[in-house]
Amino acid sequence: MLKQVLLQATETAAALIKEYSTRSFTISNKEGINNLVTEVDHKSEEVIFEIIRKNFPDHYILSEEAGEIVQESKYKWIIDPIDGTVNYANHIPICCVSIGLEVDGKMEMGAVFNPFLNELFFAQRGEGATLNGQKIFVSNTTHVIKSCLVTGFPYTYLDTPNGPLEVFSKFIRKGVPVRRLGSAAIDLCWVAAGRFDGFFEHKLSAWDSAAGFLIVEEAGGKVTDTKGKYYNPYQPGIIATNGLIHDQLLSVMLGAEVPDAG
Ligand code: IPD
Ligand code: CA
Ligand code: CA
């Protein structure tokens, strides 16, 4: 029943964002100058809420635009109604709906759906990860210098030592491809599917990574914070890899140079 509702909410919202993409919709700014929210983010959130609340009126909900609906419940739905809003607003078809379900403080299930590529990623703790129903697995690249990476940048730049641009520049200077898709949930799913060997980002919110980090783990990958510790989506930094390049990527995040193939 939980899985069914999770998938129904994700699929319904994803169909809605696709349908609205060809219409005109209002776009406004949150804080900063380019942290956008569209009318469709709110509509997507509404349909997701409706489906969850109809089935589980007493569950806790945390959602990017509406905030928190606090309830005494061991079930917590963590929702990004559109991840990749800047892409969506610019008609770039790299965006998705992302929903994670935490039970007793542990992520148990996650779904990420990009309706423009018709790609539905799903994972349930202990059951593996799938893309459109087929099992997916992380890549087997063993050297970060030979890997294909992806990252993202916060709307308000983080000027800290080993910040987003420093780490990005270290890889680029060594000739390592580092992509920037603009949707952290998709970045994570593409690591899970073996398209990328690793993903790192300095500042995310729980709704960006809730579903995606479980999908990476269930596809055989490794996810930690930027210090290499157990991953918790309520803190900002993330490193998600195929596991084999994890320590090498972590060392660069901690200030080292990109290690050679050795
Ligand atoms: C953003 C995307 C982006 C990441 C940002 C997020 P939004 O989410 O995931 O890839 O770099 O940090 O805020 O605003 O499109 O939901
Ligand atoms: Ca997001
Ligand atoms: Ca969003």
Side-chain angles (χ1 to χ4, degrees), residues 9-10 13-14 16-18 20-21 25-49 61-68 77-100 110-117 121 149-160 163-165 167-168 178-192 195-196 198-216 223 225-226 233-240 253:
T10 312
L16 179 142
I17 73 170
K18 187 173 180 193
Y20 273 86
S21 68
F25 49 81
T26 58
I27 304 174
S28 39
N29 252 320
K30 298 200 272 189
E31 83 279 4
I33 55 163
N34 281 311
N35 188 352
L36 308 180
V37 58
T38 73
E39 186 188 343
V40 191
D41 291 73
H42 295 294
K43 286 190 189 301
S44 168
E45 203 166 53
E46 276 161 29
V47 297
I48 296 167
F49 279 25
I61 293 179
L62 168 63
S63 189
E64 180 174 12
E65 313 304 340
E68 277 180 295
W77 298 80
I78 307 174
I79 300 161
D80 197 335
I82 300 181
D83 186 54
T85 295
V86 173
N87 286 347
Y88 186 77
N90 287 285
H91 302 284
I92 297 166
I94 300 180
C95 47
C96 61
V97 174
S98 170
I99 307 180
V112 170
F113 196 170
N114 175 355
F116 301 98
L117 294 183
F121 295 88
L149 303 176
V150 64
T151 191
F153 298 95
Y155 291 106
T156 311
Y157 190 68
L158 262 187
D159 237 336
T160 58
L165 278 177
V167 177
F168 181 68
V178 185
R179 302 297 185 241
R180 197 277 201 244
L181 301 185
S183 163
I186 291 178
D187 297 337
L188 284 163
C189 290
W190 287 22
V191 171
R195 295 173 183 169
F196 293 124
F199 166 61
F200 58 93
E201 189 153 347
H202 289 71
K203 194 178 162 200
L204 290 180
S205 298
W207 45 79
D208 298 313
S209 65
F213 98 83
L214 180 67
I215 294 170
V216 173
V223 185
D225 68 13
T226 50
Y234 301 98
Q235 57 75 53
I238 188 167
I239 303 178
M253 289 292 273

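Whatever order the structure lists them in is the order used to number ligands and atoms, beginning at 1.
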Classify the angle between the aromatic ring planes of Phe168 and Phe153 as parallel (below 30°), tilted (30 to 60°) or perpendicular (above 60°).
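Plane angle over 60°, so perpendicular.
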Nearest atoms (heavy-atom pairs only) where Ile94 meets Asn114
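Taking every non-hydrogen atom into account, CA-ND2, 4.2 Å.
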Heavy-atom distances under 4.0 Å are what count here, so tell me which part of [X] touches ligand 1: side chain, backbone, both or neither.
X: Ser183; answer: backbone
X: Ile82; answer: backbone
X: Asp83; answer: both
X: Leu181; answer: neither
X: Glu64; answer: side chain

As an exercise, identify every atom of ligand 1 less than 4.0 angstrom from a heavy atom of [X].
X: Leu204; answer: 12 (O)
X: Lys203; answer: 12 (O)
X: Asp80; answer: 16 (O)
X: Ala184; answer: 2 (C), 9 (O), 10 (O)

Any donor-acceptor N or O pair under 3.5 Å, side chains [X], [Y]:
X: Ser44; Y: Asp41; answer: no
X: Glu45; Y: Ser63; answer: yes
X: Asp83; Y: Ser98; answer: no

Are Tyr88 and Phe25 near enough that their ring centres are under 6.0 Å apart?
yes
With rounding to 10 degrees, Asp83 OD1, the Ca ion (ligand 2) and Asp80 OD2 define an angle of 90°
Separation between CG of Asn87 and CG of Leu181, rounded to the nearest 0.5 Å:
8.0 Å
Nearest-0.5 Å distance, OG1 of residue Thr151 to CZ of residue Phe199
6.0 Å
May I ask you to check whether Glu64 brings an N, O or S atom to under 3.0 Å from the Ca ion (ligand 2)?
no
Please walk me through it: do Thr38 and Thr85 pass side chain to side chain contact (heavy atoms under 4.5 Å, CB included)?
CA-CA 7 Å; Thr38 73; Thr85 295; 4.0 Å; yes
Side chains of Phe196 and Leu149: does their closest heavy-atom pair fall under 4.5 Å?
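No, too far: nothing below the 4.5 Å cut-off.
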Is there side-chain contact between Ser205 and Asp208, with heavy atoms separated by less than 4.5 Å?
yes
Among all the protein's non-hydrogen atoms, which is closest to [atom], and how far away is it?
atom: atom 12 (O) of ligand 1; answer: Glu201 OE2, 2.9 Å
atom: atom 6 (C) of ligand 1; answer: Asp208 OD1, 3.9 Å
atom: atom 7 (P) of ligand 1; answer: Tyr155 OH, 3.5 Å

So, Trp207 and the Ca ion (ligand 3): N/O/S under 3.0 Å, yes or no?
no
Of the listed options (Gly152, Pro81, Gly182, Ala185), which comes nearest to atom 10 (O) of ligand 1 when hydrogens are ignored and any heavy atom counts?
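Nearest heavy atom to atom 10 (O) of ligand 1 lies in Gly182.
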Is there a nitrogen or oxygen of Gly84 sitting under 3.5 Å from a nitrogen or oxygen of ligand 1?
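The answer is yes, given that Gly84 and ligand 1 share an N or O pair closer than 3.5 Å.
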Nearest to the Ca ion (ligand 2), which N, O or S atom of Asp208 do we find?
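Going through the N, O and S atoms of Asp208 one by one, OD1 ends up nearest to the Ca ion (ligand 2).
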